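Let me begin by presenting the structure, written as structure tokens, before commenting on it.
A note on names: the letters A, B, ... follow the listed sequences, proteins ahead of strands, and every chain is numbered from 1. Bear in mind the structure is a predicted one, so any value in this text is a computation, not a measurement. Heavy-atom basis, side chains included; hydrogens, waters and symmetry copies ignored.
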Amino acid sequence: MAKGNTPQAIRGTQDIFGPEAEAFAFVVETFERVRKLYRFRRVEMPVFEKTEVFSRAIGETTDVVSKEMYSFEDRGGDSLTLRPEFTAGIARAFLTNGWQQHAPLKVATHGPLFRYERPQKGRYRQFHQIDAEIIGAAEPQADVELLAMADQVIRELGIEGVTLHLNTLGDGDSREAWRAALVEYFSAVKGELSEDSQERLEKNPLRILDSKDRRDQKFVADAPKIDAFLSAEAKAFFDAVTSGLDAAGVKWKRAESLVRGLDYYRHTAFEFIPDEGSAAADALGSQSTILGGGRYDGLMESLGGAPTPAVGWAAGIERLAMLVGDHQESQTDVVVVVEDDEMVSQGQSAVSAIRDAGLSAEFIASGGKKKRFDKAVKVGSRVIIAMSDGERRVRYDEGSPDLESLAATLRSLDLDA
RNA sequence: GCGAUCGUAGCUCAGUUGGUUAGAGCGCCGGUUUGUGGUACCGGAGGUCGGGGGUUCGAGACCCCUCGAUCGCCCCA
């Protein structure tokens, strides 16, 4: 409980600590390692941008832009927004920095994002994502490489029971034709749809397809399918993506009703979703998607740039961290405990030497003298060096690994000096 | 934006149908015991019972408002 006059944390923010912080770090470290295997280049992006970067790129009518952005006016009168996603900012950077010269450009980043939503399990107002984009590559091979990387990240995190759900939205014309057919189809039965879906009919008819409401689901099965509206080129593109995934050994599943919420998606759309009834699904509560993305060939134009094909994905670090299991903080190598205040400076010298040698060490020299050794034991270390009565005694934890090399390192330090 | 559940020490929680001075375990600090020892015992610090109002002779318990948390809807990572 906070004291009366202590300010509280902002709703939907988290103070991550202990095993959860370790799991978080494990996700980021794994991502960084895999990203280098695929030769994605690291970028660091601003946390805020001019509001129009997001409103133009993501789409004014989307929930993200219309009601979830943290926007404010700065002292110069510009409307700025805390980034709700990475892609729009990266696209802006691509255009303003002339990164066309590096195309096709593979970049990766990670960090905090902000969305004004009701927090719940796996969902926060400040959350964190890992993100990968390939910009300036029109070939389906780019989609394959990007997805292979996503798949490897998830595998290397040791996450099981998660499947790649894949769909195509076709090119711009295919998507529009499909959308029109869906509106026509659902309009005919509008009165029987859920209230939410009646509204979706106006705002985002594609989303009716993955409604959870039974009233909608009975119509969804017979709704028009994207495949009937795909141009020959769009179909060939999707076939190339799927056969490429097969060749890369990435398992996937066709998800005809998978659509993505943001306006800029074209062609490939995908999400990694826990299998129903799996431990992963259970751990995530009502959130299902842990990684999502797709191709966004039209985005650069919406920001005033030349047409530039691109694909990307992002994954929620918190959601991934919930699936990677316990990650304990690493064991301390050495604890130096001084039970005799005469020896404090010798103890301090020893700890410094041990740390300089690359071993982790805790130093205990305060509190009741009789209880210091108990404290040292409690830390849980591979070695305890106890100093008292002018003497130094060493106790090894027989159970811990590589004690020989550790002992050798300690001997080489000549701690008596 | 909507709904449900919940807020008592640093943490996990007790607290009878409303009834003296609000408790326990763990953790923390100190002491005794032990003396290569993670033990046992004793003591201590730490609480405006989330906040405000109301009902009552009397509220941590009941009512209203508010803030926050958790979970769900919407949407998303």
Restricting both atoms to N or O, compile the protein contacts to nucleotides 1-4 of chain B shorter than 3.5 Å, with distance only.
from	atom 1	to	atom 2	distance (Å)
C2(B)	N4	R118(A)	NH1	3.0
G3(B)	O6	R118(A)	NH2	3.3

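- With sequence neighbours left out, the salt bridge (Lys or Arg N to Asp or Glu O under 4.0 Å) criterion links K203(A) to D63(A).
- In summary, the aromatic rings of Y265(A) and Y296(A) are positioned with their centroids too far apart to meet the 6.0 Å limit.
- In this entry the distance linking CZ of R372(A) with P of C28(B) reads 15 Å, nearest Å.
- We find that NE2 of H128(A) is positioned 16 Å from P of A77(B), with the value rounded to whole Å.
- Remark: the S405(A) side chain and the D402(A) side chain contain no N/O donor-acceptor pair separated by less than 3.5 Å.
- Within the 4.0 Å cut-off from OP1 or OP2 of G72(B), not a single side-chain nitrogen or oxygen of K121(A) is found.
- Nucleotides C28(B) and C67(B) place their C1' atoms 30 Å apart, quoted to the nearest Å.
- Under the 3.5 Å distance criterion, with hydrogens and angles disregarded, no donor-acceptor pair is assigned to the side chains of E329(A) and H327(A).
- D210(A) and S257(A) share no donor-acceptor pair across their side chains, judged by distance under 3.5 Å alone.
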- prompt: In the 5'-to-3' direction, what one-character label does each nucleotide of nucleotides 37-44 of chain B receive under the scheme B = base within less than 4.0 Å of a protein heavy atom, S = sugar-phosphate only, - = no such atom?
  reply: BB------
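- For F94(A), the ring-ring contact (aromatic ring centres under 6.0 Å, His included) test picks out no residue, with sequence neighbours left out.
- Among the heavy atoms of the strands lying under 4.0 Å from Y124(A) is at least one base atom, whether or not backbone atoms are also near.
- Going from atom CD of E68(A) over to atom C1' of A77(B) covers 12 Å, rounded to whole Å.
- Between the P atom of A77(B) and the CG atom of D63(A) lies a distance of 11 Å, rounded to the nearest Å.
- Between C11(B) and C49(B), the distance separating the two P atoms is 16 Å to the nearest Å.
- Judged purely by atom type and a 3.5 angstrom limit, T13(A) has no side-chain atom pairing as donor or acceptor with the backbone of A9(A).
- If you take CE of M69(A) and P of C76(B), they are 15 Å apart, rounded to a whole angstrom.
- Between U66(B) and G7(B), the two C1' atoms lie 13 Å apart (nearest whole Å).
- With 3.5 Å as the limit, one finds a donor-acceptor pair spanning the side chains of T51(A) and S79(A).
- Among residues two or more places apart in sequence or in another chain, the side chain to side chain contact (heavy atoms under 4.5 Å, CB included) test is passed with A280(A) by V162(A), P274(A), S278(A), L323(A).
- U33(B) atom P lies 15 Å from atom NZ of K369(A), rounded to whole Å.
- Counting only residues at least two apart or in different chains, side-chain hydrogen bond (donor to acceptor under 3.5 Å, both in side chains) contacts with residues 357-369 of chain A comprise D333(A)-S360(A).
- Separating the C1' atom of C26(B) from that of C71(B) is a span of 28 Å, rounded to the nearest Å.
- Rounded to whole Å, atom C1' of C76(B) lies 11 Å from atom CG of D210(A).
- For the pair R11(A) and E85(A), both in contact range of RNA chain B, the more 5′-proximal nearest nucleotide belongs to R11(A).
- Y396(A) is linked by a ring-ring contact (aromatic ring centres under 6.0 Å, His included) to nothing, counting only residues two or more places apart in sequence or in another chain.
- Where RNA chain B pairs in unbroken runs of 3 or more (Watson-Crick or G-U, both distances under 3.5 Å), the stems are B:1-7 with B:67-73, B:10-13 with B:23-26, B:28-32 with B:40-44, B:50-54 with B:62-66.
- The list of side-chain hydrogen bond (donor to acceptor under 3.5 Å, both in side chains) pairs with a residue in residues 36-45 of chain A, not counting sequence neighbours, reads E32(A)-R42(A), Y38(A)-Q152(A), R42(A)-E44(A), R42(A)-H110(A).
- Taking 4.0 angstrom as the limit, R207(A) places a side-chain polar atom (N or O) nearer than this to OP1 or OP2 of C76(B).
- Of the side-chain N and O atoms in R260(A), none sit less than 4.0 angstrom from OP1 or OP2 of C76(B).
- A side-chain hydrogen bond (donor to acceptor under 3.5 Å, both in side chains) check over residues 84-93 of chain A, counting only residues at least two apart or in different chains, returns the pairs E49(A)-R92(A), E85(A)-Y264(A), T87(A)-E133(A), R92(A)-T96(A).
- In this structure, a donor-acceptor pair under 3.5 Å is present between the side chains of Q287(A) and Q120(A).
- Toward the 5' end of RNA chain B, the nearer of the two residues S388(A) and G316(A), judged by each one's closest nucleotide, is S388(A).
- Side-chain polar atoms of D151(A) and W252(A) form no donor-acceptor pair below 3.5 angstrom.
- Remark: the separation of the P atoms in U48(B) and A22(B) is 13 Å, to the nearest Å.
- In this structure, a donor-acceptor pair under 3.5 Å is present between the side chains of R200(A) and S197(A).
- Backbone-only contact: G12(A) has heavy atoms under 4.0 Å from sugar-phosphate atoms and none from a base.
- When only modelled atom types and interatomic distance are considered, T289(A) and E271(A) share a side-chain donor-acceptor pair under 3.5 Å.
- For G53(B) and G10(B), the C1' atoms lie 31 Å apart once the distance is rounded to whole Å.
- Rounded to an integer number of Å, the gap from CD of Q8(A) to P of C67(B) is 11 Å.
- Sorted by residue number, the members of residues 279-290 of chain A with any non-hydrogen atom under 4.0 Å from RNA chain B read G285(A), S286(A), Q287(A), S288(A), T289(A), I290(A).
- A heavy atom closer than 4.0 Å to some atom of RNA chain B occurs in D196(A), R200(A), these being the qualifying members of residues 189-205 of chain A.
- At a threshold of 4.0 Å, the pair K225(A)-D227(A) does not count as salt-bridged, since none of the basic side-chain nitrogens sits closer than that to a carboxylate oxygen.
- Look at the P atom in both C63(B) and A40(B): the space between them is 44 Å, to the nearest Å.
- Using C1' as the reference atom, C76(B) and G27(B) are 40 Å apart when rounded to the nearest Å.
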